[in-house]
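As structure tokens, the structure follows; a few thoughts come after it.
Every value quoted in this text rests on a predicted model; they were computed, and no experiment measured them.
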Amino acid sequence: MYSHLLVGTDGDTVRITMNRPARRNSLSAEHLAELLDAFRAAGDSKASGVVLAGAGPVFSAGHDFGDVAARDLMGVRELLALCTELMRTIQSIPQVVVARVHGLATAAGCQLVASCDLAVAASSAGFALPGGKGGWFCHTPAVPVARSVGRKRLMELVLTGDVVDAATALDWGLVNRVVPDDELDAAVDELLARATRGSRASKALGKQTVYAQLDRPEADAYAIALEVMAAASQLPGAREGMAAFLEKRKPDWLD
């Protein structure tokens, strides 16, 4: 079905693996379109979680410069709009999305990591927004990274373009866990299992609401969260969770 991806289902998990190792999983328009299609399909499925990984020596080297260099201004705008749509889709689908990061994640590859809900990195992983030391600044990759690491750390990444190691990425908040390379798959599965417990419908609404209120003024964020939380109290999952607590039994999640 896909030329640049491997997609499979493992129980309640959809696993999407970027499979352009010869091109370091660089993100051409075709590759981005396939990722967008795969995430939309996962979003429409009954899966509870999605794992995004990369085949070969690196996670993703970012935009495919061969594709970018061949485009005029309108063409590059279209490419970046496609990339942005992918990043926003990752955050809008109801499933929990975990990035499984090994090797380098640079530029739009780093943007992918920051756009996922959670990220687990191998100790050998590295992260960079290298446009700062080149000729094409990492404007769009900086958007989700800024929302993970804070201003000063973002500025160090975008201005120096230097690679930060996995331990630094963990300290800065870009990833959730750093584990030895041979423990990466187990750590991804363990975190995903914990993050997908409970009512799927409740978690889906919760994920979407968190993204909706992030970076808004506090009063606006509360206005959004209050109304959604009130409405969510009437969902079957909420009712079952409260009943199970009051009746001192394990909940039976039907949604």
Tell me if a side-chain donor or acceptor on [X] pairs with a main-chain N or O of [Y] at a distance below 3.5 Å.
X	Y	answer
Glu240	Asp252	yes
Gln208	Ser92	yes
Asp64	Leu27	no
Arg249	Phe245	no
Gln91	Ser115	yes
Arg200	Lys46	yes
Asn19	His4	no
His102	Gly56	yes
Asp10	Arg15	no
Lys203	Gln95	no

Exercise. Would you say the side-chain atoms of Thr168 and Asp165 include a donor-acceptor pair closer than 3.5 Å?
Worked result: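 Short answer, yes.
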
For this session: Would you tell me whether Thr196 and Asp12 have side-chain atoms, one donor and one acceptor, within less than 3.5 Å of each other?
Result: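 Judged by distance alone, the side chains do not pair up.
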
Between atom [atom1] of [X] and atom [atom2] of [Y], what is the distance when rounded to the nearest 0.5 Å?
X	Y	atom1	atom2	answer
Leu79	Leu32	CG	CG	6.0 Å
Leu36	Thr84	CG	OG1	11.0 Å
Ser202	Trp253	OG	CH2	7.5 Å

Exercise. Taking only residues two or more places apart in sequence, or in another chain, which ones meet Ala146 in a side chain to side chain contact (heavy atoms under 4.5 Å, CB included)?
Worked result: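 Listed in chain order: Leu154.
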
Exercise. By the rule that ILVMFWY residues connect when side-chain heavy atoms come within less than 4.5 angstrom, directly or transitively, which residues belong alongside Leu192?
Worked result: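 Members besides Leu192, by chain and number: Val51, Val96, Val98, Leu118, Val120, Val179, Leu184, Val188, Leu191.
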
Charged N-O contact under 4.0 Å between [X] and [Y]:
X	Y	result
Glu190	Arg194	yes
Glu30	Arg20	no
Asp44	Arg40	no

Problem set entry | CE (Met242) with more than 12 external heavy atoms under 6.0 Å |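 Yes, the 6.0 Å shell around CE holds more than 12 heavy atoms from other groups.
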
Exercise. Does a side-chain heavy-atom distance below 4.5 Å link Phe39 with Leu52?
Worked result: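 A side-chain contact exists here, since the closest heavy-atom pair is under 4.5 Å.
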
